[in-house]
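Here the structure comes first, spelled out in structure tokens, and everything after it is commentary.
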Amino acid sequence: MSQNPKQYYLPGASLWPLISSIALFLMAAGFSMSLNDIASGDYVLIAGALVLAYLLFGWFSEVIKESVSGFYNKQVDASFRWSMGWFILSEVMFFAGFFGALFYVRNFSLDWIEAGSYFQGFVASWPTAGPSWPLTGEATKAIELLDPWHLPAINTLILLTSGATLTWAHWGLMKDNRKQTIIGLALTVALGVIFLYLQMHEYAEATFTMAGAGIYGSTFYMLTGFHGLHVTMGTIMLAIILFRVLKGHFSSQDHFGFEAVAWYWHFVDVVWLLLFVFVYWL
Amino acid sequence: MNKRTILSWGAAFLSLFAANSHADYALNLKTPSTEIASQIYDLHMLILWVCIAIFVVVFGLMFYSILKHRKSVGHKASQFHENHWLEVVWTIIPVIILASMAYPATKTILAMKDTAAADMSIKVTGYQWKWGYDYIDQDVKFISTLSTPQDQIHNKAEKGENYLLEVDNPMVVPVGKKVRLLITAEDVIHSWWIPEFGVKQDAIPGFMKEAWIRVEKPGTYRGQCAELCGKDHGFMPIVVEAMEEADYNAWVVAQKDAAAAADAGADREWAKDELVTAGKAVYEKNCAVCHQATGAGLPPAFPAITGGAVSTGPIEGHLDIILNGKNIMPAWKAVLNDTDIAAVIAYERNALGNSAGDIIQPSAVKAAR
Amino acid sequence: MSTTTATHHDDHGDHGHPTGVMRWVASTNHKDIGTMYLWFSLFMFFFAGAMAMGIRAELFQPGLQFMDPLAFNQLTTLHGLIMIFGAIMPAFVGFANWMVPMMIGAPDMAFPRLNNMSFWLLIPAAILLIASIFVPGGPIAGGWTMYAPLSVQAGMSMDMSILALHILGVSSIVGSINIITTILNLRAPGMDLMKMPLFIWTWLITAFLLIAAMPILAGALTMLITDRHFGTAFFDAAGGGDPVLFQHVFWFFGHPEVYIMILPAFGIISTIIPTFARKPLFGYASMVYATAAIALLSFVVWAHHMFATGMPVAGQLFFMYSTMLISIPTGVKVFNWVATMWRGSMTFETPMLFSIAVVLLFTIGGFSGLVLAVLPVDIQLQDTYYVVAHFHYVLFSGAAMSIMGGVYYWLPKWTGHMYDETLGKWHFWLTTIAFNITFFPMHFTGLAGMPRRIPDYALQFAEFNMISSLGAFALGISQLLFLYVVVKCIRGGAKAAASPWEGADGLEWTVPSPAPFHTFETPPTVK
Ligand code: HEA
Ligand code: HEA
Ligand code: CUA
Ligand SMILES: [Cu+2]
């Protein structure tokens with residue numbers, strides 16, 4: 001395997017793992033407290049979030065430090081590539097769960113309630129006669145859906161462009177064209193921010209919310225919400241990469257940090273396309 | 001050798017407990033009393049014997065080799081580690097065996113699913129923790145709850161023969177008729193199951209699932225709720241009386257009269273202590289499982305009635321919660337008639353250590369629905 | 001302790017080999033982390049086992065003896081949840097940590113720090129689960145499957161458990177990514193995929209299953225928590241949702257999960273049997289393909305847990321057929337094991353005894369699984385003690401007993417001492433006999449119609465339940481012997497040679513026992 005003389009890098013003792021478990025513990029404990037309206041929960045939750053922020057910052061800067069001091073040989077680089085790939089697979093499966101739920105509800109269970117609801121006396125509480133998509137539960141007035149060819153279409157364009165600018169930036173990095181890299185990245189980050197702004201705008205405009213809007217609202221906000229969350233993380237990571245480019249961390253040979261984030265960003269793009277088709281359009 | 005050990009040990013134990021043996025213990029599926037159930041019975045026997053056969057062959061060989069190919073008898077290890085021909089064979093044979101099981105199974109499934117051309121329909125509703133039966137075409141409906149006394153459950157009294165398998169109002173069906181069951185639930189998922197019928201269907205809130213039975217001979221058939229549904233999942237049995245058509249029709253008439261009598265009761269003026277005494281029965285049958293016979297409840301899940309906010313607060317709120325439910329508290333609209341509800345309210349407010357003093361008339365309950 | 005690596009990270013002092021508490025808390029060494037995993041799992045096994053003792057005590061006789069029905073459901077739920085997520089899964093990860101780098105000739109795991117994180121994430125999850133026992137309303141009582149809407153009714157403990165499972169999910173995913181990467185990228189020169197020990201293969205595939213299945217569980221739990229607190233209607237028909245949707249998502253995770261708990265066990269068995277038969281594993285290639293086939297099939301059989309929900313007939317037939325199919329690759333494995341023993345030169349040390357028992361008893365569990373796979377029969381057996389018998393045969397005498405066998409097999413390598421063979425054999429016989437007394441009668445009570453998850457039962461089940469309970473107490477006590485043997489072996493005993501087993505082969509046996517802190521700093525070459 002490793003044809004190169006230098007050894008596979010093994011880090012020494014580190015407290016980050018322990019800190020990570022403390023962070024998650026505080027967040028989980030705090031969250032379950034505030035969910036059950038124990039006031040102090042919020043503080044615990046925030047404390048946990050702070051520890052988490054400290055952890056991410058500290059751990060990543062340590063890794064970056066090691067990376068720039070050249071501890072990582074080709075084999076370590078390969079490890080990073082493998083792991084990022086598998087991580088993205090797990091993300092894919094996470095979204096697959098929600099898309100699966102949407103598919104199941106729209107294609108099966110709604111008809112089955114139709115049959116059952118005759119006895120259940122639900123029908124009265126539904127806008128249309130019997131349950132049919134989009135079903136918004138108790139809401140007596142039929143909600144008007146978001147027009148896919150308005151904001152969502154624009155957002156689609158924005159994300160697709162951002163994918164392109166990112167690739168362009170990558171080409172720049174490949175041929176050590178710093179200027180092109182920086183411009184490309186900056187554009188991508190900007191587009192990401194605009195997307196998020198528009199998405200929030202859409203939420204504000206929407207005539208229905210996550211709560212009490214039945215299965216339609218549930219699936220809509222669960223899917224678009226988690227996607228939005230991922231775009232946010234992606235944008236932050238892109239910003240960090242931009243920062244690292246400015247500090248000259250990457251070379252045409254060695255820039256996996258850049259590629260990892262790029263992979264992630266393209267993954268988020270693809271999820272959006274699916275959202276556009278299955279949540280907004282069809 | 002493990003199998004032999006089990007059997008011998010098992011036998012030893014059985015003889016040990018034969019002394020205080022309560023009822024006859026069974027080793028196999030209950031004797032079927034519908035067509036479907038007997039098909040299932042045969043399917044199970046088929047698979048069982050196939051598995052036993054494979055088991056004997058495979059482990060016969062293994063134990064032979066354990067006896068003969070051991071180092072202590074000086075057997076030298078040969079080094080073969082592949083034999084494609086063999087590997088193909090023992091992939092193909094199982095395929096054939098499985099296919100021969102899948103075929104009859106498929107036929108049974110298709111039969112189970114065929115609810116068409118039913119002679120009558122009964123809507124079955126699962127509640128925490130009782131069953132409701134609604135004879136759709138006869139408009140006969142009633143609730144069926146466990147009738148085993150608490151004393152038996154808490155070992156204060158000798159346990160009866162049908163311990164935990166007995167109810168106050170069994171579901172009644174005519175023999176030889178194809179009965180379509182429309183199964184649903186009010187609160188959480190339950191599962192309606194009578195082993196002798198080969199019917200087990202989850203009762204899912206908001207959905208109406210179908211099953212059917214045609215009972216061959218008259219008799220009493222007992223089953224239990226087969227999906228974890230909370231605290232008293234173990235205490236909501238299902239009992240079905242199958243009777244000749246004539247007896248069944250008589251039963252229907254009797255039910256109708258009883259219902260009519262109850263309704264009539266709803267229209268007249270009731271005296272307070274009259275309601276309170278009636279309420280005691282209703283309370284102990286329906287409410288005591290959670291709020292306890294003493295009214296102490298099981299906080300925090302099940303609040304106390306004695307001194308409870310609702311049963312000492314305004315009577316309208318009291319009525320509303322009983323009619324429409326709240327969180328875990330089920331809605332009793334569909335379950336209790338006006339008189340029962342008025343009675344239980346009177347009981348909760350003026351007994352169990354409460355003395356709110358006021359009552360509500362059945363007629364008012366009817367109005368509030 | 002030669003630490004050639006130390007030069008690489010003088011930026012944070014020398015960490016060749018920290019000592020004291022730091023050695024464990026801050027560890028980046030796969031062996032120490034593996035050890036922590038194994039101890040954690042043993043503790044959890046005893047914890048959940050003690051709960052099982054509570055269950056069996058209540059079921060010793062009809063009537064309510066020791067607890068109210070709610071408390072019983074809570075015991076059952078926590079017992080299942082902790083055994084699966086706290087005992088079995090961490091135990092296998094512990095094996096992976098110890099053995100994977102040694103078996104493939106790697107210096108350590110690919111990401112030592114993440115490796116330690118995967119372990120330390122178990123602790124907050126465990127604390128949340130155990131703490132949930134003491135919150136108002138008590139721990140969750142809806143069964144380890146947490147079906148909605150019952151789990152929507154539950155109290156605060158449900159939120160704590162959901163978040164605990166989220167954390168466990170993160171731990172498993174990070175751990176699996178680490179293991180996959182290690183296997184794919186850190187193998188010694190010359191060890192190509194089809195030369196890897198079978199244990200490595202089974203873990204490679206298990207890790208894939210974990211990465212693909214765990215996020216699905218996360219999805220199900222997320223929908224559950226939003227239904228509970230944020231007004232969504234995924235599982236509420238009144239809002240157009242469907243309670244059964246939860247079951248679909250849960251079991252899409254849940255069935256792969258059960259193979260996650262058996263594939264590494266297959267790997268361990270496939271390592272032990274050739275050693276003591278002094279004969280190479282029969283049908284290595286077909287073993288690999290069979291494992292892969294089981295993994296892939298496991299994603300299309302989930303609804304066999306939902307036969308009684310009343311799916312459309314097409315669905316019922318599909319899931320019945322696909323489920324039955326899984327018997328074929330699994331059968332191939334059983335046959336291969338028997339063929340490996342065939343005409344070998346067998347000796348019967350404790351690990352071999354456990355392996356033989358696993359092959360036989362797992363097959364019983366597999367057969368009962370097949371019976372359940374046949375839908376009409378499952379209609380009679382679903383949610384009865386027959387199912388309880390089935391999954392204890394595959395989980396205890398499949399997973400747990402291979403873990404015990406594996407522990408005996410590698411203890412010499414881990415501790416440098418031989419364990420006490422006589423006591424080991426005692427532990428084996430007591431466990432095997434007590435196990436069968438406990439769980440074999442459950443087939444009968446199940447067939448006769450005793451539902452699971454009930455604190456009290458009709459009189460006709462009394463005899464068999466009494467037998468089960470007595471067996472269970474014996475089984476419990478026997479596990480104390482296991483603890484004793486392990487501790488005794490750590491404390492001392494006959495020095496173990498580098499390769500204490502005559503027939504053993506594999507890189508782990510080329511290093512001295514106990515294995516040095518850093519094993520293969522310069523990768524060995526495989527012929
Ligand atoms: C390690 C865990 C494990 C394993 C390996 C298995 C293996 C199998 N399981 Fe099991 N199962 C569980 C853990 C496991 N299961 C658990 C925990 C539950 C309950 C969950 C809950 O509700 O709480 C469950 C429940 C469960 C059900 C649902 C029961 C119900 O609730 O109604 C079903 C139904 O199909 C099923 C089937 C199978 C089958 C067909 C296999 C097959 O993989 C078995 C294949 C093996 C063999 C068949 C034996 C060896 C083969 C041969 C010797 C070849 C020749 C044989 C033939 C050709 C017949 N299992
Ligand atoms: C790998 C997983 C695993 C393992 C190893 C076990 C091990 C055991 N299980 Fe478990 N079990 C499950 C997984 C497992 N179980 C699951 C998933 C469920 C379903 C839960 C649900 O329905 O949601 C279940 C459910 C379940 C039930 C059904 C409960 C019900 O439906 O109401 C029963 C009943 O007998 C039971 C018994 C036992 C026993 C006696 C053991 C024994 O093997 C335990 C032996 C070990 C010990 C006892 C620990 C060591 C000893 C001590 C702690 C010292 C103290 C000992 C004494 C006081 C004697 N289990
Ligand atoms: Cu109703 Cu279990
Ligand atoms: Cu399964």
Side-chain angles (χ1 to χ4, degrees), chain B residues 2 5-6 9 13 17 22-23 25-30 40 43-44 47 51 58-59 61-62 65 69-71 75-78 81-82 87 90 94 98 102 105 108-109 113 153-155 163-165 188-189 191 195 200-202 204-206 209 224 226-228 230-232 234 300-301 328, chain C residues 63-64 69-70 136-137 143 147 149-150 153 237 243-244 278-280 282-283 286 308-310 313 316 321 324 328 331 335 338 341-347 360 367 371 374-377 379-380 383 432-433 436-437 440 444 447-449 451 453-456 458-460 462-464 466-467:
Chain B
N2 298 295
T5 353
I6 311 152
W9 276 76
F13 274 100
F17 300 115
H22 310 282
Y25 47 82
L27 298 175
N28 201 347
L29 291 170
K30 293 241 176 69
I40 294 176
L43 257 176
H44 171 256
I47 304 163
C51 289
V58 174
F59 293 100
L61 287 167
M62 187 180 86
S65 129
H69 309 147
R70 50 170 66 213
K71 196 176 180 204
H75 190 277
K76 293 273 160 294
S78 54
H81 57 78
E82 237 162 17
E87 292 174 48
W90 70 36
L98 290 178
T108 309
I109 294 176
K113 281 283 177 181
I153 295 171
H154 293 95
N155 311 309
Y163 178 67
L164 292 188
L165 296 178
V188 302
I189 301 179
S191 193
K200 179 184 286 148
Q201 173 58 59
D202 287 1
I204 300 160
K209 300 289 181 177
Q224 283 174 273
E227 183 61 67
L228 179 57
K231 176 170 142 295
D232 283 342
I328 312 187
Chain C
L64 295 178
L70 194 62
Y147 280 3
L150 185 59
Q153 283 184 349
V244 176
R278 295 170 180 69
K279 187 163 158 294
F282 183 91
S286 61
T309 55
V313 67
Q316 293 194 329
Y321 299 147
M324 292 173 83
I328 288 158
F335 299 143
V338 174
M341 298 184 210
W342 190 254
R343 309 219 348 259
S345 166
M346 279 186 270
T347 51
L360 189 138
F367 281 155
V371 172
V374 177
L375 189 144
V377 183
I379 290 296
Q380 288 288 38
D383 263 304
T432 310
I433 295 169
N436 284 290
I437 297 173
F440 203 80
F444 302 135
L447 284 165
R453 297 165 165 173
I454 55 172
D456 190 5
L459 301 180
Q460 85 229 43
E463 287 74 14
F464 283 130
M466 195 172 275
I467 297 171

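Below, all heavy atoms of this structure are taken into account, side chains as well, without hydrogens, waters or symmetry copies. Naming convention: chains lettered A, B, ... in sequence-line order (proteins, then strands); numbering from 1 in each chain.
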Using heavy-atom distances under 4.5 Å, tell me whether [X] contacts chain B through its side chain, its backbone, both, or neither.
X: C:Val313; answer: both
X: C:Phe335; answer: both
X: C:Val374; answer: side chain
X: C:Pro455; answer: side chain

Could you report the tightest heavy-atom contact between [X] and [Y], atom names first, then the distance?
X: B:Leu61; Y: C:Trp342; result: O-CZ3, 3.7 Å
X: B:Pro205; Y: C:Pro149; result: CG-CG, 3.9 Å
X: C:Pro69; Y: B:Lys231; result: CB-O, 3.2 Å
X: B:Leu27; Y: C:Phe444; result: O-CD2, 3.5 Å
X: B:Gly230; Y: C:Leu150; result: N-CD2, 3.6 Å

Most contacts with chain B, counted as non-hydrogen pairs under 4.5 angstrom, among [options]:
options: C:Gly310, C:Pro243, C:Gly344, C:Pro451; answer: C:Gly344
options: C:Arg278, C:Lys279, C:Met341, C:Gln316; answer: C:Lys279
options: C:Ala458, C:Gly63, C:Ala448, C:Pro376; answer: C:Pro376
options: C:Thr347, C:Asp456, C:Ile454, C:Leu70; answer: C:Asp456
options: C:Val377, C:Val244, C:Thr309, C:Val338; answer: C:Thr309

Could you grab the distance from atom CG of B:Asn28 to atom CG of C:Leu447, nearest 0.5 Å is fine? 5.5 Å

Could you state the interatomic distance from CD (B:Gln224) to CG (C:Asp383), rounded to the nearest 0.5 Å?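 Those atoms lie 11.5 Å apart.
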
Largest heavy-atom contact set with chain C, pairs under 4.5 Å, which of [options]:
options: B:Glu87, B:Lys209, B:Lys71; answer: B:Lys71
options: B:Ile109, B:Ile189, B:Ile47; answer: B:Ile109
options: B:Val188, B:Thr108, B:Val58, B:Leu43; answer: B:Val188

Counting only N and O atoms by type, is there a donor-acceptor contact under 3.5 Å from the side chain of B:Ser78 to the main-chain atoms of C:Arg343?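 Judged by distance alone, yes, a pair lies under 3.5 Å.
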
B:Lys200 side chain to C:Ile379 backbone, donor-acceptor under 3.5 Å: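 Yes: the side chain of B:Lys200 pairs with the backbone of C:Ile379.
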
Can you tell me which portion of [X] sits under 4.5 Å from chain C's heavy atoms? Options are side chain, backbone, both or neither.
X: B:Leu165; result: side chain
X: B:Asn155; result: side chain
X: B:Gln201; result: both
X: B:Lys76; result: backbone
X: B:Ile153; result: both
X: B:Phe59; result: side chain

With a 4.5 Å heavy-atom cut-off, do B:Leu228 and C:Tyr147 have their side chains touching?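 Side-chain contact under 4.5 Å: no.
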
Validation row: C:Gln380, B:Pro195 side chains within 4.5 angstrom (heavy atoms):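 Yes - at least one pair of side-chain heavy atoms lies under 4.5 Å apart.
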
By ring-ring contact (aromatic ring centres under 6.0 Å, His included), C:Phe367 pairs with (sequence neighbours left out) none

Taking only residues two or more places apart in sequence or in another chain, which ones pass ring-ring contact (aromatic ring centres under 6.0 Å, His included) with B:His75?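 Per chain and number, B:His75 pairs via ring-ring contact (aromatic ring centres under 6.0 Å, His included) with B:His69.
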
